[in-house]
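A quick write-up on the structure given underneath.
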Amino acid sequence: MKIMIKQKQTITRKFLKYLVLIIIGSNLIMAVFLYWIMRENAMKQAENLRQSLMESTLTMMQQYFENVDNIADTIIYNEDIIHFMRNKQNTIADMALIRGIESQYYYLNPDLELSFYRTDDWNSMYSIQDEDRAISIPDYRYSDWYQEIIWVRDKKVLMADSQSNGSVQSCVYKIEDLYTPRVVGYLKIDMNMDYLKERFLHSFNKIAGATILDGEDQVLFYDKIEVKVPADLVAENKEGTYETEDYIITYGTSESTGWYLCLASSKAEILKTQNQIIPLLILLVFLMVGLTLLISGKFFSIITVNFTRLVDGMEQVKKGDLTTRVQADTQDEISILIQEFNDMMHRIDELVLRVESEQLLVKEAEIKALQQQINPHFIFNIMETIMGLASEGLDDEVIEVSTCLSSMLRYNTRFENVTTIAEELEQIKNYVTVIKIRFEDRFEVYYDVDEECMDCRILKFTLQPLLENAVSHGLSETESDGMLRIRIKKEKEQVSIMIYDNGTGIPTEKLKELNRRLEVTGEHPLEYIEQYKSLGILNVHLRSKLFYGSGYSFEIFSKEGKGTCIAIKIPFSTQDVTDTENSLPKGIGGKTLVQSIDH
């Protein structure tokens with residue numbers, strides 16, 4: 001087969017393919033790297049914004065509470081206030097003092113509300129709410145703020161007012177005597193939370209949400225959404241950054257109050273602008289890739305054409321076509337491989353034909369050798385029968401047996417391997433005639449044969465050894481009422497042959513061993529040709545397996561004391577004998593040794 005060569009091309013030009021891949025890959029990497037830089041920049045800007053807001057808010061919170069502490073210090077260390085707290089009577093001057101102080105700070109800080117409590121007057125509160133007298137209240141010793149402040153060493157506590165439903169935060173200060181450490185009263189400064197929210201969360205429109213929580217992890221107020229950080233994380237680090245699936249949270253703690261501020265940025269909002277650039281980046285990548293492929297398309301076809309043809313040729317060989325040849329499109333290194341491939345396939349094709357021819361001749365010779373093993377065996381048995389009849393003076397029976405023997409010898413001396421079922425049955429009837437005389441009619445033979453099977457081709461001496469096996473082993477101990485049934489039926493594309501006897505049957509262990517040998521012999525028939533020198537089931541099975549190959553099956557069914565059935569299936573064929581002999585199976589082999597068994 002000549003190789004068509006159109007153009008010379010070297011393998012180095014095929015590196016263009018890798019160059020194209022490098023261009024595509026570099027553009028993709030550049031696009032991803034650019035997007036990553038923009039993403040990190042957006043994240044950094046959002047972090048700087050949160051950090052700036054955090055610092056300014058905490059500073060504002062610190063200044064606010066320092067101012068509240070300054071107001072409180074001015075009051076609780078005032079001698080007049082301490083004197084008022086020590087007295088048990090309320091004078092007009094004392095009430096005017098209280099009213100004046102409260103009024104001064106109320107008008108300067110409208111978000112603050114001051115109230116005083118004497119240590120020895122548990123049911124009174126002094127406030128600008130009533131300018132003339134003390135306000136009667138329930139015993140304040142049962143209030144939350146009092147229970148809190150009496151157990152701390154500090155001069156103040158900061159807590160939510162339980163009666164305000166969380167809308168007021170209170171700073172409670174101890175008023176101590178100037179000369180003794182005795183507490184003479186308390187100053188309670190209430191702070192409006194709405195004012196604090198407006199003051200502390202006024203500039204958070206650029207982030208997703210902000211929340212201020214107290215030291216007990218309770219939300220004081222929030223803007224847009226509630227933002228929380230795990231309490232154990234805040235306890236471990238007073239400030240830091242925490243991420244959830246949707247938000248990045250920055251938190252910090254106020255030193256003066258213990259409150260902590262959480263600011264959240266939405267990841268989706270941060271990356272919104274960057275995500276809008278993704279389609280443009282993808283479009284640029286596709287344009288670059290498309291342009292590269294358009295330019296390099298012609299080069300690809302030139303480079304890969306020989307590879308494609310060689311692969312297609314190999315696929316055809318895998319399917320069993322050993323006549324496949326490949327034509328090279330260009331002269332390059334791959335074309336040399338193509339030429340070597342074509343030469344190799346030519347040599348393989350010749351070797352396969354030679355091996356098949358040699359194997360065919362070997363198998364035909366072995367089948368003939370096995371067939372000839374049958375002749376001495378059944379001739380010996382018949383001659384013994386004739387001698388027995390002659391010794392008893394049964395001349396008519398001797399003539400009848402001799403006639404049958406003559407017909408069987410003519411049949412046997414024909415050199416073809418294959419005959420028809422009709423001819424095989426004719427010899428079976430001759431054999432049955434002889435055997436019935438020999439066994440003195442101790443059994444009957446019944447035939448159930450489809451007429452359309454009569455012309456079917458069958459290997460010579462397939463039925464006689466099986467019939468002889470049934471008589472000599474199955475019916476040998478039967479004195480009367482013995483039965484042999486020969487059933488031949490067509491089943492689709494096969495012929496089913498069954499030989500049944502109602503004799504002694506085969507013992508279970510022997511049947512198991514026989515089936516095992518049949519299976520091994522069927523898998524590797526050529527290995528057992530020299531082992532089976534006698535007549536019997538294995539001889540027939542071996543010859544049939546060599547001849548029919550996979551189109552043949554052999555089964556034995558037997559029950560001890562009930563009888564035995566041998567079932568054979570062969571392909572249905574009516575072609576000429578010569579053609580049948582030339583259609584021997586191919587590729588049978590193996591190396592297992594099993595000794596001969598005659599049943």
Side-chain angles (χ1 to χ4, degrees), residues 61-62 64-78 81-82 84-88 90 94 97-99 101-106 109-130 133-177 180-197 199-200 212-221 253-260:
M61 190 181 301
Q62 187 75 17
Y64 179 84
F65 281 96
E66 286 179 357
N67 182 52
V68 172
D69 287 341
N70 291 334
I71 293 173
D73 289 343
T74 302
I75 294 174
I76 65 177
Y77 293 114
N78 186 300
I81 293 295
I82 295 174
F84 168 73
M85 290 294 165
R86 291 170 56 189
N87 290 338
K88 296 183 179 180
N90 296 330
D94 291 335
L97 172 66
I98 294 298
R99 184 170 59 250
I101 292 176
E102 288 188 329
S103 299
Q104 175 185 357
Y105 289 110
Y106 176 80
N109 303 93
D111 56 304
L112 303 179
E113 184 176 326
L114 281 66
S115 56
F116 296 89
Y117 302 85
R118 282 177 172 171
T119 301
D120 297 329
D121 189 3
W122 312 114
N123 296 102
S124 298
M125 177 184 75
Y126 299 90
S127 172
I128 197 174
Q129 295 177 8
D130 195 325
R133 57 185 177 83
I135 302 173
S136 296
I137 60 173
D139 193 335
Y140 69 78
R141 287 177 295 179
Y142 298 101
S143 62
D144 293 339
W145 63 263
Y146 180 79
Q147 295 296 327
E148 182 74 19
I149 198 168
I150 63 175
W151 294 106
V152 299
R153 294 183 178 181
D154 297 336
K155 70 176 182 179
K156 78 164 186 176
V157 293
L158 174 63
M159 59 183 296
D161 191 336
S162 59
Q163 298 180 351
S164 65
N165 296 323
S167 62
V168 173
Q169 281 283 323
S170 300
C171 277
V172 182
Y173 298 85
K174 296 177 182 178
I175 302 176
E176 297 178 345
D177 196 347
T180 64
R182 185 173 70 90
V183 177
V184 296
Y186 301 97
L187 169 64
K188 183 168 176 281
I189 301 178
D190 296 329
M191 296 166 285
N192 189 296
M193 297 298 287
D194 293 333
Y195 175 83
L196 293 181
K197 177 180 179 180
R199 182 180 181 88
F200 295 153
I212 294 180
L213 302 95
D214 62 15
E216 301 297 327
D217 202 36
Q218 300 297 318
V219 176
L220 300 176
F221 42 81
T253 305
S254 170
E255 294 294 337
S256 61
T257 63
W259 295 357
Y260 65 96

Subject >> Test item: Phe65 and Gln169 side chains (from C-beta on) under 4.5 Å apart, heavy atoms >> reply: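 Counting from C-beta outward, Phe65 and Gln169 never come under 4.5 Å.
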
Original post:
Is Leu213 close to Trp259 at the side-chain level, that is, under 4.5 Å between some pair of heavy atoms?
Top reply: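 They are not in contact (no side-chain heavy atoms under 4.5 Å apart), so the answer is no.
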
**OP:** Step by step, work out the side chain to side chain contact (heavy atoms under 4.5 Å, CB included) result for Leu114 and Ile75.
**Re:** CA-CA 10 Å; Leu114 281 66; Ile75 294 174; 3.3 Å; yes

Subject >> Stepwise side chain to side chain contact (heavy atoms under 4.5 Å, CB included) test for Tyr186 and Tyr173 >> reply: CA-CA 6 Å; Tyr186 301 97; Tyr173 298 85; over 6 Å; no

Measuring from [X]:[atom1] to [Y]:[atom2], what's the distance to the nearest 0.5 Å?
X      : Y      : atom1 : atom2 : result
Lys174 : Lys156 : NZ    : NZ    : 13.0 Å
Met61  : Leu196 : CE    : CG    : 8.5 Å
Ile175 : Thr119 : CD1   : OG1   : 8.0 Å
Tyr260 : Ile212 : OH    : CD1   : 11.5 Å
Ser136 : Asp121 : OG    : CG    : 8.5 Å
Ile135 : Tyr126 : CD1   : OH    : 10.5 Å

**OP:** Count the heavy atoms belonging to other residues, nucleotides or ligands that lie under 6.0 Å from CD of Glu66, then report whether that count exceeds 12.
**Re:**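 Atom CD in Glu66 is crowded, with more than 12 foreign heavy atoms closer than 6.0 Å.
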
If you take all heavy atoms of [X] and [Y], which pair is closest and at what distance?
X      : Y      : value
Trp145 : Met159 : CA-SD, 3.4 Å
Met125 : Tyr117 : SD-OH, 3.1 Å
Tyr146 : Tyr140 : CB-O, 3.3 Å
Gly185 : Met85  : CA-SD, 4.1 Å
Ser254 : Gln62  : OG-OE1, 3.6 Å

**OP:** Please say which of Leu158, Val172, Leu112, Asp69 ends up in a side-chain contact (heavy atoms from CB on, under 4.5 Å) with Ile189.
**Re:**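 Among the candidates, only Leu112 passes.
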
Subject >> Any residue meeting side chain to side chain contact (heavy atoms under 4.5 Å, CB included) with Asp73, in chain and number order, not counting sequence neighbours >> reply: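 Side chain to side chain contact (heavy atoms under 4.5 Å, CB included) check on Asp73 returns Ile76, Tyr77, Lys155.
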
**OP:** Is it possible for you to check whether Arg118 lies under 6.0 Å from the centre of the six-membered ring of Phe84, through NZ or CZ, and within 45° of that ring's axis?
**Re:**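 Output yes; distance and angle both within limits.
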
**OP:** For Lys188, check salt bridge (Lys or Arg N to Asp or Glu O under 4.0 Å) against everything at least two apart and list the hits.
**Re:**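 By the salt bridge (Lys or Arg N to Asp or Glu O under 4.0 Å) rule, Lys188 matches Asp161, Asp190.
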
Subject >> Pairing residues for Asp120 by the salt bridge (Lys or Arg N to Asp or Glu O under 4.0 Å) criterion, not counting sequence neighbours >> reply: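 For Asp120 there are no salt bridge (Lys or Arg N to Asp or Glu O under 4.0 Å) partners, ignoring immediate neighbours.
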
Original post:
Just by distance, do the side chain of Asp139 and the backbone of Asn123 share a donor-acceptor pair under 3.5 Å?
Top reply: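 Absent.
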
